[in-house]
Amino acid sequence: MAGAPNNSETTQYPDLVIVGAGLFGLTVAQQAVEHTGARVRIIDIRDHIGGNAYSYFDEETGAEIHKYGAHLFHTSNRRVWDYVNRFTSFTNYVHRVYATHDGEVYPLPINLGTINQFFHAHYTPAEAQKLIAGQAGELAGTDPANLNDKGIQLIGRPLYEAFIKNYTGKQWQTDPAELPAAIIKRLPVRFNYDNRYFKDTWEGLPADGYTKWMERMIDDPRITVSLGVDFFDESQPYNKEALKAAGVPVVYTGPVDRYFGYELGDLKWRTVDFKEVRYDEDDHFGCPVMNFSDADVPYTRAIEFKNFNPERRDAQNPDKTVVWEEYSRFAERGDEPYYPVNTDADKALYARYEAKAAAEPNTVFGGRLGTYKYYDMHQVIDTALTAYEEQVAPMLKK
């Protein structure tokens, strides 16, 4: 195991350095300590652990604020469910989403309740299926090239234009007729009254909050966390060049293009901006997430954090609530990258970066940013457990 000091410092390096204190990095750190007794140093440029799953409690309302947008835990993966339950219990929260369209609120995903409310009807499941199939019109049986036509083909023009078209346009800052059809390979429509958003076996929110959960993951004296540390800042000892020179194994969860100095070009991402609004009332929307499907509302959705945790009502302020309005746009360097754009050009560019990453000695790339993929939390943890077993553990045994 590596332990050589920095040439210009008296630093005694740990056995493993992890760049990024998100769920991927925390999982690998926990596994390394548990299975090999390794000494691990986690560094992160932010001032907190947890990556985009980080949360904090708002003093005025008592709400748990998800700093980087709503995070809902759900999985059907037994390995992941057993693993996370070592560090937290979960509430019985079940995620349901509603959408405001033309002054009326509808349940999402589109289901029989949405359909019957929208058409002021009482269709049976078979009648609703026949109706939707017939509303594709001239696009039925075709292979549309753009998102707009694909959406109409999938769910018919009325529902597409009410719930998908303008919402998607706001997400992408682009007319859906100019977006590739591949963005929406399918649009789920349920021909029953089930409006549960996820279909996974297990679902809930960490009982004590996300940050407490993640603090427990690394509650071990062999794990040291250094916050506000930039991996690319050569004035601090845990920088890329110094670690490479010393042969220290590294798990890197930052942007893969940044690691290589953007030498092949920038991978494209979408980001999200939030506008906070406070109301002098107990409950503003009556649900945690409200989508806004119409073009005249500039934000895509609003998150009312108190409503994620009704079990905490006694600890919350009944006279105040806080809402975050969510605005989507293309990311630039310096923005928080959320969703990979993933055009064919982006995929080709990532393939070239992926080849460079595979050839990088003593370095494992992981997480959303390190692999240019959108992951839900359970997927991050699953890939981290696998990466530890297949890539990190062999490095530590050298």
- request: Please say which of Arg86, Arg79, Arg78 ends up in a salt bridge (charged side-chain N to carboxylate O under 4.0 Å, His left out) with Asp82.
  value: Arg78
task: Apply ring pair (Phe, Tyr, Trp, His ring centres under 6.0 Å) to His48 and Tyr56, showing your working.
output: CA-CA 10 Å; His48 60 75; Tyr56 62 91; 9.1 Å; no
- prompt: Just by distance, do the side chain of Asn309 and the backbone of Arg312 share a donor-acceptor pair under 3.5 Å?
  reply: no
- prompt: If two hydrophobic side chains count as joined below 4.5 Å and joins carry through other members, does Met377 share a cluster with Ile65?
  reply: yes
field: Same apolar cluster (I L V M F W Y, side chains within < 4.5 Å links), Val33/Met217
entry: yes
- prompt: Quick one: which of Ile42, Val40, Leu385, Val251 gives a side chain to side chain contact (heavy atoms under 4.5 Å, CB included) with Val28?
  reply: Val251
field: Short N-O contact, Arg313 and Asp282, less than 4.0 angstrom
entry: yes
task: State, without any angle test, whether Ser235 and Asp233 hold a side-chain donor-acceptor pair at a distance under 3.5 Å.
output: yes
message: For a quick check under 3.5 Å, do Asn317 and Thr61 share a side-chain donor-acceptor pair by atom type?
response: no
task: Answer yes or no: are there more than 12 heavy-atom neighbours, outside Lys373 itself, under 6.0 Å from its atom NZ?
output: yes
- prompt: What residue among Arg368, Met214, His71, Gln379 forms side chain to side chain contact (heavy atoms under 4.5 Å, CB included) with Leu23?
  reply: Met214
field: Listed partners of Asp47 passing salt bridge (Lys or Arg N to Asp or Glu O under 4.0 Å), at least two apart
entry: none
Side chain to side chain donor-acceptor pair (under 3.5 Å) partners of residues 92-103, not counting sequence neighbours, each pair once: Tyr93-His95, Arg96-Asn195, Tyr98-Asn195, His101-Asp294
- request: Describe, in one word, how the ring planes of Tyr338 and Phe274 are oriented to each other, choosing from parallel (under 30°), tilted (30 to 60°) and perpendicular (over 60°).
  value: perpendicular
task: In plain terms, say whether Glu336 and Lys67 are close enough for a salt bridge, that is, a side-chain N and a carboxylate O under 4.0 Å apart.
output: no
query: Does CD in Glu332 sit with more than 12 non-hydrogen atoms of other residues, nucleotides or ligands closer than 6.0 Å?
result: no
- prompt: Should we count CG of Asp143 as having more than 12 external heavy atoms under 6.0 Å?
  reply: no
- prompt: When the ring planes of Tyr123 and Phe119 are compared, do they come out parallel, tilted or perpendicular, using 30° and 60° as the limits?
  reply: perpendicular
field: Full working for side chain to side chain contact (heavy atoms under 4.5 Å, CB included) between Leu369 and Arg258
entry: CA-CA 10 Å; Leu369 303 180; Arg258 173 72 180 92; over 6 Å; no
message: So, using side chain to side chain donor-acceptor pair (under 3.5 Å) as the criterion, who are the partners of Glu276 when residues are at least two apart?
response: Arg278, Trp324
- prompt: Can you say whether the rings of Tyr372 and Trp269 are parallel (under 30°), tilted (30 to 60°) or perpendicular (over 60°)?
  reply: perpendicular
- prompt: Which pairs count as side chain to side chain donor-acceptor pair (under 3.5 Å) when at least one residue sits in residues 347-358, sequence neighbours excluded?
  reply: Glu263-Lys356
Tyr339 vs Trp172, ring pair (Phe, Tyr, Trp, His ring centres under 6.0 Å): CA-CA, chis, key distance, verdict: CA-CA 11 Å; Tyr339 307 104; Trp172 290 89; 8.8 Å; no
message: Distance alone, cut at 3.5 Å: any donor-acceptor contact between the side chains of Gln171 and Thr300?
response: no
Cation-pi, Tyr259 ring and Lys240 (6.0 angstrom, 45 degrees): yes
query: Looking just at side-chain N and O atoms, do Asn52 and Arg46 make a donor-acceptor pair shorter than 3.5 Å?
result: yes
Any side-chain donor near an acceptor of the partner, Gln30 and Tyr83, under 3.5 Å: yes
May I have the list of side-chain donor-acceptor pairs in residues 103-110 shorter than 3.5 Å, sequence neighbours left out?
from   : atom 1 : to     : atom 2 : distance (Å)
Glu104 : OE1    : Tyr106 : OH     : 3.4
Glu104 : OE2    : Gln117 : NE2    : 3.0

Glu360: salt bridge (Lys or Arg N to Asp or Glu O under 4.0 Å) partners, not counting sequence neighbours: Lys244
